[in-house]
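This one's a predicted model, so the numbers in the text were calculated from it and none came from an experiment.
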Amino acid sequence: MAISDQPTNRRNTASTNNTDVGELFAQRFGVVSIYVVVLLLLAAAIVWSGIRTAESVQQYHQDYKTLQDMKKQERKLQVEHQRLLIEQQTFSATPQIASRAVAELSMYSPTLKDKLIIQPSAPVTPAAVGKTTANPNLNQSQNANTVSDTDPAGLAATEVGQ
């Protein structure tokens, strides 16, 4: 090895063969450049990501519509529930009123002998207005029917002895 006046630069010799890794890979294996593959993969990933985003937005809209429909149905069911509660309270109040009427006020349902049926077509004489009429076929409590000035047809009857 002789010593020369020119300095040897090993780095310059390597840089003269200026090829990148993608070109070396393409030359060695005979396929397309790695950059093209990477770009194709990125493009496919972008398209796939856009499709998935559109699908998720569509699913969100469908779920939101379903949620709104369910809220409407819930409101309708709440109104129906309130109506049924009021109806239930109304029906449960009737037996309570009847039991209080019997217990506290000593009220009872009249029997057939306590009932008096008045025929509206019966003629009334003007002298009977304001006087007690007596029927010998009726008992004492049924016989206390009076005709008042406010009821000239004689339709009202009061029952005594209850």
Side-chain angles (χ1 to χ4, degrees), residues 9-124 138-139 141-162:
N9 191 354
R10 293 185 184 192
R11 290 184 188 167
N12 271 345
T13 59
S15 65
T16 57
N17 193 3
N18 197 8
T19 58
D20 65 345
V21 177
E23 290 176 6
L24 289 175
F25 186 75
Q27 289 173 358
R28 185 168 192 161
F29 294 106
V31 292
V32 293
S33 172
I34 188 112
Y35 295 118
V36 173
V37 172
V38 169
L39 286 176
L40 287 176
L41 287 176
L42 284 175
I46 290 171
V47 169
W48 178 81
S49 173
I51 291 172
R52 292 297 298 159
T53 302
E55 286 177 352
S56 66
V57 167
Q58 179 67 26
Q59 185 65 37
Y60 172 79
H61 287 296
Q62 287 176 352
D63 291 344
Y64 186 75
K65 184 182 181 320
T66 304
L67 176 68
Q68 294 303 316
D69 291 342
M70 287 182 174
K71 283 183 178 181
K72 285 180 186 177
Q73 184 179 9
E74 179 189 19
R75 283 189 293 261
K76 287 179 183 178
L77 288 174
Q78 284 177 344
V79 168
E80 179 72 13
H81 183 258
Q82 291 298 323
R83 187 188 64 78
L84 290 174
L85 283 177
I86 291 170
E87 186 176 328
Q88 181 184 21
Q89 290 172 354
T90 302
F91 287 137
S92 67
T94 304
Q96 291 175 358
I97 292 170
S99 65
R100 280 186 153 180
V102 171
E104 295 176 11
L105 301 175
S106 300
M107 296 176 80
Y108 63 94
S109 296
T111 61
L112 284 178
K113 69 176 188 168
D114 293 334
K115 293 180 182 178
L116 177 64
I117 300 174
I118 300 173
Q119 297 295 327
S121 64
V124 177
L138 299 176
N139 63 19
S141 66
Q142 292 174 337
N143 203 7
N145 294 333
T146 61
V147 180
S148 67
D149 293 333
T150 59
D151 191 12
L155 299 177
T158 57
E159 295 182 44
V160 180
Q162 287 186 359

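Within the structure, the salt bridge (charged side-chain N to carboxylate O under 4.0 Å, His left out) test picks out the following pairs touching residues 92-102 (sequence neighbours left out): Arg100-Glu104.
In the displayed structure, Gln73 atom CD is contacted under 6.0 Å by at most 12 heavy atoms of other residues, nucleotides or ligands.
Atom CG of residue Asp63 and atom CE of residue Met70 lie 9.5 Å apart, to the nearest 0.5 angstrom.
Partners of Asp69 by salt bridge (Lys or Arg N to Asp or Glu O under 4.0 Å), not counting sequence neighbours, listed by chain and number: Lys65. Here Thr111 pairs with Lys113, Asp114 under the side chain to side chain contact (heavy atoms under 4.5 Å, CB included) rule; sequence neighbours left out. Among residues two or more places apart in sequence or in another chain, the side-chain hydrogen bond (donor to acceptor under 3.5 Å, both in side chains) test is passed with Gln68 by Tyr64.
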Name each donor-acceptor pair under 3.5 Å that joins a side chain in residues 74-89 to protein atoms two or more places apart or in another chain, with its distance.
residue	atom	partner	partner atom	Å
Glu80	OE2	Arg83	NH2	2.6
Arg83	NH1	Glu87	OE1	3.1

N/O donor to acceptor pairs below 3.5 angstrom from side-chain atoms of residues 42-56, sequence neighbours left out:
residue	atom	partner	partner atom	Å
Arg52	NH1	Glu55	OE1	2.7
Thr53	OG1	Ser49	O	2.8
Ser56	OG	Arg52	O	3.3
Ser56	OG	Thr53	O	2.8

